[in-house]
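Quantities reported herein were computed from a predicted structural model and do not represent experimental measurements. Note that these values count all heavy atoms, side chains included, but never hydrogens, waters or copies made by symmetry.
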Amino acid sequence: QVQLVESGGGWVQPGGSLRPSCAASGSGFSITAMRWFRQASGKERDLVAVISSDGRTTYVDSVKGRFTISGDNAKNTVYLQMNSLKPEDTAVYYCNLDLFMFHEDSIRSCWGQGTQVTVSS
């Protein structure tokens with residue numbers, strides 16, 4: 001049974017930093033892609049950042065230069081370093097991992113439970 005557990009959200013003043021993380025527990029898989037999404041109250045869930053298995057990263061324009069996605073394959077963990085936070089970054093942040101399941105010979109997309117990030121003074 002694979003489970004994703006997120007942590008590291010919270011409240012921060014504008015200009016501050018947070019570093020949510022998402023760890024995949026279980027066995028019998030390898031991670032092929034890691035993503036972070038966010039969903040503000042009353043809005044759709046939007047893609048924020050992606051890191052592929054070869055280390056290539058992609059960001060939505062609104063977070064470029066401020067957010068950094070990284071992964072630790074040895075720990076099956078993905079991080080989102082968020083600097084210079086703005087009130088408009090307030091949202092629930094969700095991790096999404098593509099897992100290649102060895103015994104199924106297929107890729108499974110898994111979601112974390114979400115972590116609230118609030119930026120306000």
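- A distance below 6.0 Å separates the ring centres of Trp111 and Phe37.
- The backbone N or O of Val50 sits nowhere less than 3.5 Å from a side-chain atom of Thr57 that would complete a donor-acceptor pair.
- Side chain of Thr118 to backbone of Trp11: no donor-acceptor contact under 3.5 angstrom is found.
- Judged by the 6.0 Å distance and 45° axis criteria, Arg45 is positioned over the aromatic ring of Tyr94.
- Atom CZ of Phe100 and atom CG of Asp105 lie 4.5 Å apart (nearest 0.5 Å).
- Put simply, the side chain of Gln39 never gets that close to the backbone of Tyr93: no donor and acceptor are under 3.5 Å apart.
- Residue Leu4 comes nearest to Cys22 through the heavy atom pair CB-SG, 4.1 Å, listed as atom of the first residue, atom of the second, then distance.
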Checking salt bridge (Lys or Arg N to Asp or Glu O under 4.0 Å) for the pair Lys64/Asp61: CA distance, chi angles, key distance, verdict? CA-CA 5 Å; Lys64 285 181 180 177; Asp61 285 346; 2.9 Å; yes
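- Side-chain N/O atoms of Thr32 and Ser53 include no donor and acceptor closer than 3.5 Å.
- One distance of note links CD of Gln3 with OG of Ser25; it measures 5.0 Å at 0.5 Å rounding.
- Residues Asp98 and Arg35 meet the side-chain proximity criterion, which asks for heavy atoms closer than 4.5 Å.
- Atoms CD and CZ, from Gln116 and Arg38 in turn, are 12.0 Å apart once rounded to the nearest 0.5 Å.
- The local environment of CD in Glu44 is sparse, with at most 12 non-hydrogen atoms from other residues, nucleotides or ligands closer than 6.0 Å.
- Ser109 is listed as a side-chain neighbour of Asn96, based on a closest heavy-atom distance under 4.5 Å.
- For the pair Tyr59 (side chain) and Ile69 (backbone), a donor-acceptor distance under 3.5 Å is present.
- Distance alone, capped at 3.5 Å, is enough to place a donor-acceptor pair between the Glu6 side chain and the Gly114 backbone.
- Rounded to the nearest 0.5 Å, atoms SG (Cys110) and CG (Leu97) are 7.0 Å apart.
- No side-chain donor-acceptor contact under 3.5 Å links Thr77 and Asp72.
- Shortest non-hydrogen contact noted between Ser17 and Asn83 is OG-OD1, 2.9 Å.
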What's the verdict on side-chain contact (heavy atoms from CB on, under 4.5 Å) for Ile31 and Asn76, showing C-alpha distance, side-chain angles and the deciding distance? CA-CA 7 Å; Ile31 300 174; Asn76 290 329; 3.8 Å; yes
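- Distance check, rounded to the nearest 0.5 Å: OG of Ser21 to NZ of Lys75 gives 10.0 Å.
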Steps toward side-chain contact (heavy atoms from CB on, under 4.5 Å) verdict (Glu104, Leu99): CA-CA 11 Å; Glu104 296 173 2; Leu99 307 180; over 6 Å; no
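- Residues Pro20 and Met82 form a side-chain contact, since some pair of their non-hydrogen atoms from C-beta on lies under 4.5 Å apart.
- Taken to the nearest 0.5 Å, the CE atom of Met101 stands 7.5 Å off from the OG atom of Ser106.
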